[in-house]
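All residue numbers in this chain count up from 1 along the given sequence. What you see is a predicted model; the values in this text were computed from it and never measured.
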Amino acid sequence: MSFDGVLLEKLHKEISFLKTGRISKINESGDTDFILTIRHERQNYQMMLSFSSDYSRIHLTNRLYDSVLNPKSFTMLLRKHIEGYFIDDIINYECDRILYFKVSGYNELSDLNHKYLICEVMGRYSNLVLTDENFIIIDALKHDGVGEYNRTILPNAKYEFPLNNKINPMALSKEEIDNIFMEKNPKNPKELMDLFNGVSLNLAYPVFNTDFHSDSFYDYLHKDIKPITFTNFKGKMDFYYYPLEGNIIKEYDTLSNLLDDYYYQMDLRAKVKLKTNDLSTFVKKQIQKYEKKIEKLNLELLDTAKADKLKLYGELLLSSPNMKEKKSMVNILNYYTNEMIDIPLDPKFTILENSNRYFKKYQKLKSSVSYIEEQMEIAKNEIEYFKVIEYQLKDASINDALEIQAELINGKYLFKNVPKNKKKEKPKLLTYILENGTLITVGKNNVQNEYLTHKMAKPNEMWFHIKDAPGSHVVVHNMGELTEEEIRAGAMVAAYYSTYQESSSVAVDYTRVRNIKKIPGKRACFVSYTHQSTIYIDPDSDYIYKLKVKKQ
């Protein structure tokens with residue numbers, strides 16, 4: 001596991017500056033996720049605490065996470081007990097995957113209280129526990145009787161840290177580590193992991209790839225370089241606090257930035273999948289369905305190419321009405337080429353009757369051509385529509401995904417019981433604020449794009465969209481001439497929220513909203529435009545993360 005105790009100790013040092021900060025707000029971002037807003041030296045810092053089985057972690061974040069409108073009782077309990085409290089200390093327990101906050105504040109009776117918020121980042125055993133100053137459990141996110149590590153995690157029980165016989169390597173000097181290696185003589189990575197707390201395979205393997213194990217182990221423990229994501233020996237992306245063997249994907253300034261980047265998309269997709277009954281799979285199946293339909297229609301269209309031959313057969317048979325005998329084949333002169341031609345017949349019918357049958361088949365095939373072409377156009381439009389939705393789901397928040405789900409329900413693609421008198425809410429649009437106060441709004445799905453472009457935006461405001469590819473509608477809310485900064489910002493946002501997010505020198509068109517027109521016969525999210533200018537820009541995720549977001 002990449003998130004081991006040594007990495008958590010590195011992260012602990014990184015966030016220790018938040019001591020004396022005040023927990024000003026606690027939000028719930030999912031069934032197992034919480035966002036703590038910590039006010040420190042006149043600045044707000046967002047801390048993600050996740051205790052999901054697959055993506056448990058702690059880190060500072062600059063990203064926007066959706067807040068739950070109706071938080072669970074445990075969230076309300078946290079708000080009651082520690083919202084407004086100050087952080088006295090942040091402690092990593094024995095280099096294990098446990099970080100806890102010692103907090104203090106005044107209760108409703110103006111009595112000073114001390115409490116502990118204990119974060120256990122331990123995979124499927126992850127938990128968040130709130131205790132009083134004597135470590136008596138007030139409540140926990142996940143209750144457990146005498147479960148893993150023979151502990152009881154229930155209200156009013158005494159909280160106990162997990163016990164093991166391992167050594168805390170971060171508390172040892174170089175000489176002490178050398179002595180332990182000489183005494184215990186670990187022979188492989190597994191024995192090293194069993195000996196020291198917080199050591200994962202990511203740390204143990206490199207140690208045994210060197211000649212002096214104790215020296216390299218001490219050096220690895222105290223490396224102070226930029227963390228990275230890399231491709232591991234299984235070919236999958238992984239991360240750690242220092243470069244490992246393999247292909248480095250990206251280098252980060254802080255562990256928080258790495259963890260925020262690494263987990264955000266995976267965690268978001270898992271939540272969206274859970275909330276929307278795996279909408280992505282449904283969309284992919286729809287694309288495959290219409291692609292197969294086009295293949296079938298193309299085969300039918302090939303059959304219509306026989307229509308001219310059927311017409312020729314009918315004409316040639318009609319020119320020989322005096323042939324009396326009924327045959328299964330007749331050899332007749334083709335007066336168009338002056339060559340003899342074999343024409344299959346049905347012996348049950350006369351020459352004239354066979355001629356009429358060929359003419360009927362010809363008319364049927366010719367009339368089906370327009371129908372097949374019409375169906376192919378419909379299928380192509382559906383593929384285009386679902387590919388746009390497929391792209392939109394990749395970066396969709398839970399609210400964005402639910403809007404997409406509602407759109408598919410309204411389009412009769414999905415069926416779900418919806419209250420008849422339910423009031424239709426306005427789409428929740430993402431809006432950035434530039435330093436000069438100019439607002440930039442992004443539509444992240446078809447519902448938002450249509451609302452932004454055709455209802456919200458004013459005619460003289462500037463509209464941005466990636467050139468000739470699926471992407472978000474972006475509007476810069478300034479009806480005058482845009483500055484170079486505003487044009488580049490609008491183009492940067494449009495390029496980032498598009499299928500070319502990972503590309504460079506991306507072409508972005510921009511024009512006044514009044515030049516945007518709906519395309520007849522297509523959904524309102526598809527538009528045409530005129531009088532556009534084009535700018536080329538390199539999408540920059542760091543630039544987007546630093547933009548200030550307008551609160552809903």
Side-chain angles (χ1 to χ4, degrees), residues 66 69 268-301 367-430 441-457 465 469-473 497-499 516-529:
D66 291 328
L69 295 177
L268 184 60
R269 285 171 193 164
K271 289 178 182 176
V272 167
K273 182 177 179 179
L274 182 65
K275 290 286 185 181
T276 61
N277 297 320
D278 201 0
L279 204 56
S280 293
T281 300
F282 170 79
V283 169
K284 286 176 183 176
K285 286 182 179 178
Q286 291 297 304
I287 293 171
Q288 292 170 0
K289 181 180 87 172
Y290 286 108
E291 285 176 341
K292 287 179 181 177
K293 185 174 182 179
I294 287 179
E295 289 179 14
K296 186 177 178 182
L297 290 169
N298 273 322
L299 292 175
E300 292 180 10
L301 202 57
S367 61
S368 68
V369 170
S370 59
Y371 172 79
I372 292 171
E373 290 176 344
E374 179 186 351
Q375 290 300 308
M376 284 187 71
E377 189 63 28
I378 291 172
K380 287 176 182 177
N381 287 339
E382 293 296 283
I383 290 173
E384 182 183 22
Y385 172 63
F386 280 106
K387 282 190 173 179
V388 168
I389 289 180
E390 184 180 39
Y391 142 71
Q392 291 169 349
L393 282 170
K394 287 181 180 178
D395 291 316
S397 67
I398 293 175
N399 286 332
D400 296 336
L402 289 174
E403 285 178 349
I404 293 171
Q405 185 183 49
E407 177 188 346
L408 293 175
I409 291 169
N410 291 334
K412 302 294 189 290
Y413 294 103
L414 291 174
F415 297 95
K416 186 177 178 182
N417 293 327
V418 180
K420 291 182 180 179
N421 298 324
K422 185 178 180 181
K423 186 178 178 181
K424 191 175 181 180
E425 296 180 356
K426 289 182 180 179
K428 296 179 180 178
L429 297 169
L430 173 61
T441 302
V442 186
K444 294 175 66 181
N445 57 45
N446 294 334
V447 175
Q448 294 178 10
N449 285 339
E450 181 183 358
Y451 178 78
L452 172 61
T453 301
H454 302 300
K455 294 180 181 178
M456 179 180 172
H465 195 282
S472 293
H473 293 200
Y497 290 101
S498 76
T499 49
I516 312 296
K517 305 294 180 186
K518 295 181 181 180
I519 301 176
K522 288 198 174 186
R523 292 173 175 85
C525 58
F526 293 101
V527 297
S528 62
Y529 50 87

Quiz item: Which distance, rounded to the nearest 0.5 Å, do you find between the CG of Leu429 and the CG of Asn449?
Solution: 9.0 Å
Quiz item: Under 4.5 Å between any side-chain heavy atoms of Asn381 and Tyr385, yes or no?
Solution: no
Exercise. Kindly compute the distance separating OH (Tyr413) from CG (Leu279), expressed to the nearest 0.5 Å.
Key: 13.0 Å
Quiz prompt | Point-to-point distance, once rounded to the nearest 0.5 Å, from CD of Glu295 to NZ of Lys293 | solution = 13.5 Å
Exercise. Supply the atom-to-atom distance Gln286 CD to Gln288 CD, rounded to the nearest 0.5 angstrom.
Key: 10.0 Å
Exercise. Calculate, to the nearest 0.5 Å, the distance between atoms NZ and OH belonging to Lys444 and Tyr497 respectively.
Key: 5.0 Å
Self-check item: Value rounded to 0.5 Å, distance of CD1 in Ile383 from CD1 in Ile294
Solution: 3.5 Å
Exercise. State which residues pass side chain to side chain donor-acceptor pair (under 3.5 Å) with Glu403; sequence neighbours excluded, sorted by chain then number.
Key: Asn445, Gln448
Quiz item: Do side-chain atoms of His473 reach the backbone of Glu450 as a donor and acceptor pair under 3.5 angstrom?
Solution: no
Quiz item: Side-chain contact, heavy-atom cut-off 4.5 Å: Leu299 with Lys296?
Solution: no
Quiz item: Are Glu300 and Tyr371 linked by a side-chain donor-acceptor pair shorter than 3.5 Å?
Solution: no
Quiz item: Hey, are Asn446 and Gln392 close enough side-chain-wise for a donor-acceptor pair under 3.5 Å?
Solution: yes
Quiz item: Considering only heavy atoms from C-beta outward, does the side chain of Lys522 approach that of Glu384 to under 4.5 Å?
Solution: yes
Quiz item: How are the rings of Phe282 and Phe386 set relative to one another: parallel (under 30°), tilted (30 to 60°) or perpendicular (over 60°)?
Solution: perpendicular
Quiz item: With distance as the sole test, does Thr499 use its side chain to make a donor-acceptor pair with the main-chain N or O of Pro470 at under 3.5 Å?
Solution: yes
Quiz item: Judged by atom type as modelled, is there a donor-acceptor pair below 3.5 Å linking the side chain of Tyr391 to the main-chain atoms of Ser498?
Solution: yes
Quiz prompt | Taking every non-hydrogen atom, the tightest pair across His454 and Val527 | solution = NE2-CG1, 3.7 Å
Practice problem: Using a 4.5 Å cut-off on heavy atoms from C-beta on, say whether the side chain of Val283 contacts that of Ile404. | Solution: no
